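The shown structure was predicted, so the numbers you read here are calculated from the model rather than taken from an experiment. All values below were derived from every heavy atom in this structure, side-chain atoms included, with hydrogens, water molecules and symmetry-related copies excluded. Below, chain A is the first sequence line, B the second, and so on; all start at residue 1.
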There are 2 protein chains.
Amino acid sequence: MTTSAPGGRERRPGRRGDLLDPLCPTRQLLDRVGTKWTSMTVKVLAEAAPGELRFAELRRRIPGISQKMLSVTLQSLVRDGLVARRVEPTVPPAVHYRLTALGLSLETPLAALRDWAETHMPEIDRNNRLADEPASGQGARPTES
Amino acid sequence: MTTSAPGGRERRPGRRGDLLDPLCPTRQLLDRVGTKWTSMTVKVLAEAAPGELRFAELRRRIPGISQKMLSVTLQSLVRDGLVARRVEPTVPPAVHYRLTALGLSLETPLAALRDWAETHMPEIDRNNRLADEPASGQGARPTES
DNA sequence: CGGGATCCTTCACGATACTG
DNA sequence: CAGTATCGTGAAGGATCCCG
């Protein structure tokens with residue numbers, strides 16, 4: 001690591017580029033949640049809660065994730081206090097991860113967003129396809145209000 | 001534009017790189033919502049709903065956004081059918097934006113996420129500061145469960 | 001007024017290789 | 001097993017200029 005933490009953007013308020021992105025907590029949260037693997041990781045850990053999952057087990061449950069991104073994502077979550085890391089000092093070390101209470105509380109609004117996504121993303125896909133092919137006649141509008 | 005739409009990632013399912021990111025609607029949604037200005041734009045439009053806002057008015061209400069990013073963000077939202085665009089063909093053209101019913105329905109889970117952020121981000125910030133300064137004695141742990 | 005077209009920088013993410 | 005280190009790429013996003 002050169003200057004910043006590996007898993008996040010500017011974690012230091014007061015360094016540089018601070019006035020532009022003031023203090024809006026929503027943006028800070030979306031910077032983490034919007035990260036490609038964060039929400040998936042939280043979801044998988046939430047499904048296993050209150051149990052723990054080991055690194056390899058997490059990898060298996062998150063299809064497509066690389067070991068680097070899993071590592072980076074988990075470090076971010078641990079830094080944020082959303083995930084607790086427990087190392088068993090055995091000969092091949094066994095590391096266990098679980099959601100903290102804070103992490104579990106995030107699962108609720110995240111699940112709401114997931115629910116919305118599964119309900120309405122097909123409609124969004126339809127709208128995008130309509131926008132891509134204006135070749136048809138007319139009168140085919142995306143679902144407006 | 002070379003190949004893809006300006007405001008979005010791969011909008012075409014079935015092109016390439018499809019097997020890795022299968023069909024998970026949550027990721028698709030977070031790819032949009034996680035985009036820097038999308039959630040803020042939706043929020044501002046939701047506050048004005050069912051009224052409309054013009055381009056310059058939106059810029060004023062979203063501090064720090066560039067006109068390019070506002071343009072790109074709005075185009076994405078319009079493509080998705082979350083925002084409706086109405087052009088008044090006057091001499092200096094007046095363009096009005098408003099949330100569609102779909103966009104308004106997204107506001108609900110988004111507000112839940114905002115609420116969580118405002119409640120818990122201070123704690124996350126605290127946890128990050130604790131992780132940055134291990135210089136203190138001991139016993140100061142982030143708020144675990 | 002409401003953008004579009006370009007240029008440029010930064011960063012998220014993937015692939016690969018190495019370690020304790 | 002559970003990472004860390006390094007390299008390279010594509011895409012987000014800011015700044016600037018121009019246009020109808």
Side-chain angles (χ1 to χ4, degrees), chain A residues 1-11 15-17 19-21 27 30-41 52-60 62-78 83 85-97, chain B residues 1-11 15-17 19-21 27 30-41 52-60 62-78 83 85-97:
Chain A
M1 61 190 87
T2 17
T3 304
S4 62
R9 291 149 212 251
E10 346 190 311
R11 248 65 187 263
R15 268 298 179 204
R16 215 187 50 138
L19 301 172
L20 299 177
D21 221 324
R27 269 250 43 81
L30 284 173
D31 276 346
R32 294 146 208 257
V33 163
T35 268
K36 191 167 191 182
W37 300 107
T38 304
S39 60
M40 178 80 61
T41 304
E52 299 177 318
L53 289 178
R54 299 183 55 179
F55 190 89
E57 183 62 26
L58 275 165
R59 268 202 82 178
R60 238 170 294 123
I62 305 175
I65 196 172
S66 63
Q67 90 292 36
K68 174 197 167 184
M69 285 320 293
L70 179 56
S71 179
V72 166
T73 302
L74 285 172
Q75 283 174 22
S76 278
L77 291 171
V78 168
V83 165
R85 188 182 123 118
R86 183 173 66 88
V87 185
E88 237 168 291
T90 55
V91 185
V95 186
H96 302 259
Y97 293 93
Chain B
M1 63 193 89
T2 16
T3 304
S4 61
R9 292 148 212 254
E10 347 194 308
R11 248 65 189 262
R15 268 299 179 203
R16 215 188 47 138
L19 302 173
L20 299 178
D21 221 324
R27 269 249 46 81
L30 284 173
D31 277 346
R32 293 147 208 258
V33 162
T35 269
K36 191 167 190 179
W37 300 107
T38 304
S39 60
M40 178 79 61
T41 305
E52 299 177 318
L53 290 178
R54 298 183 55 180
F55 191 89
E57 182 62 26
L58 274 166
R59 267 202 82 178
R60 238 170 295 123
I62 305 176
I65 197 173
S66 63
Q67 92 292 35
K68 174 199 167 183
M69 285 321 293
L70 179 55
S71 179
V72 167
T73 301
L74 285 172
Q75 283 174 20
S76 277
L77 291 171
V78 168
V83 165
R85 188 181 123 119
R86 184 173 64 88
V87 185
E88 237 168 291
T90 55
V91 185
V95 186
H96 302 259
Y97 293 93

Nearest whole angstrom, please: distance from the [atom2] of [N] to the [atom1] of [X].
| X | N | atom1 | atom2 | value |
| --- | --- | --- | --- | --- |
| B:Gln75 | D:dA12 | CD | C1' | 15 Å |
| B:Leu58 | C:dG3 | CG | C1' | 13 Å |
| A:Asp31 | C:dT10 | CG | P | 17 Å |
| B:Arg54 | C:dG3 | CZ | C1' | 13 Å |
| B:Gln67 | D:dG14 | CD | P | 11 Å |
| B:Glu57 | C:dC1 | CD | C1' | 13 Å |
| A:Leu70 | C:dC13 | CG | C1' | 13 Å |
| B:Ile62 | D:dG14 | CD1 | P | 12 Å |

Please find the pair of heavy atoms, one from [X] and one from [Y], that lie closest to each other, and give the distance.
| X | Y | result |
| --- | --- | --- |
| A:Arg27 | A:Asp31 | NH2-OD1, 2.5 Å |
| A:Ser39 | B:Leu30 | OG-CD1, 3.1 Å |
| B:Val95 | B:Arg85 | CG1-CG, 3.7 Å |
| A:Ile62 | A:Thr41 | CD1-OG1, 3.6 Å |

Quick check on the helix from C:dC1-D:dG20 to C:dG20-D:dC1: what's the angle between its two end axes, five base pairs per end, to the nearest 10°?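 Taking five pairs per end, the axes differ by 40°.
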
A:Gln67 versus A:Ser71: any side-chain heavy-atom pair under 4.5 Å?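 Result no, sub-4.5 Å side-chain heavy-atom pair not found.
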
Is any side-chain heavy atom of B:Glu52 closer than 4.5 Å to one of B:Arg86?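 They are in contact (side-chain heavy atoms under 4.5 Å apart), so the answer is yes.
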
Under 3.5 Å, which N/O atoms of the protein pair with N/O atoms of nucleotides 7-9 of chain C?
none

Using a heavy-atom cut-off of under 4.0 Å over every strand shown, decide if A:Arg59 touches base, sugar-phosphate, or nothing.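 Result for A:Arg59 = nothing.
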
With the side chain of [X] defined as its heavy atoms from C-beta on, choose the nearest nucleotide among [options].
| X | options | value |
| --- | --- | --- |
| A:Trp37 | C:dG14, D:dG13, D:dG3 | C:dG14 |
| B:Val95 | C:dC1, C:dG2, C:dG4 | C:dG2 |
| B:Ser71 | C:dG4, D:dG14, C:dC1 | C:dG4 |
| B:Met69 | D:dG3, C:dG3, D:dG13 | D:dG13 |

Does OP1 or OP2 of [N] have a side-chain N or O of [X] closer than 4.0 Å?
| X | N | result |
| --- | --- | --- |
| A:Arg60 | D:dC1 | no |
| A:Thr90 | D:dC1 | no |
| A:Tyr97 | D:dC1 | no |
| B:Arg85 | C:dG3 | yes |

Applying side-chain hydrogen bond (donor to acceptor under 3.5 Å, both in side chains), name anything that partners B:Glu57, two or more places apart in sequence or on another chain.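 Applying side-chain hydrogen bond (donor to acceptor under 3.5 Å, both in side chains) to B:Glu57 gives B:Arg60, B:Arg61.
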
Partner of A:Leu58 under side chain to side chain contact (heavy atoms under 4.5 Å, CB included), chosen from A:Leu53, A:Thr73, A:Ile65: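 Answer to the side chain to side chain contact (heavy atoms under 4.5 Å, CB included) test with A:Leu58 among A:Leu53, A:Thr73, A:Ile65: A:Leu53.
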
Among residues at least two apart in sequence or on other chains, which ones pass side chain to side chain contact (heavy atoms under 4.5 Å, CB included) with B:Val91?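 Once residues adjacent in sequence are excluded, B:Val91 has no partner under the side chain to side chain contact (heavy atoms under 4.5 Å, CB included) criterion.
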
Partner residues of B:Val83 under the side chain to side chain contact (heavy atoms under 4.5 Å, CB included) criterion, sequence neighbours left out: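 Testing B:Val83 for side chain to side chain contact (heavy atoms under 4.5 Å, CB included), a comparison that skips the adjacent residues, returns B:Leu45, B:Leu77, B:Val78, B:Tyr97, B:Leu99.
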
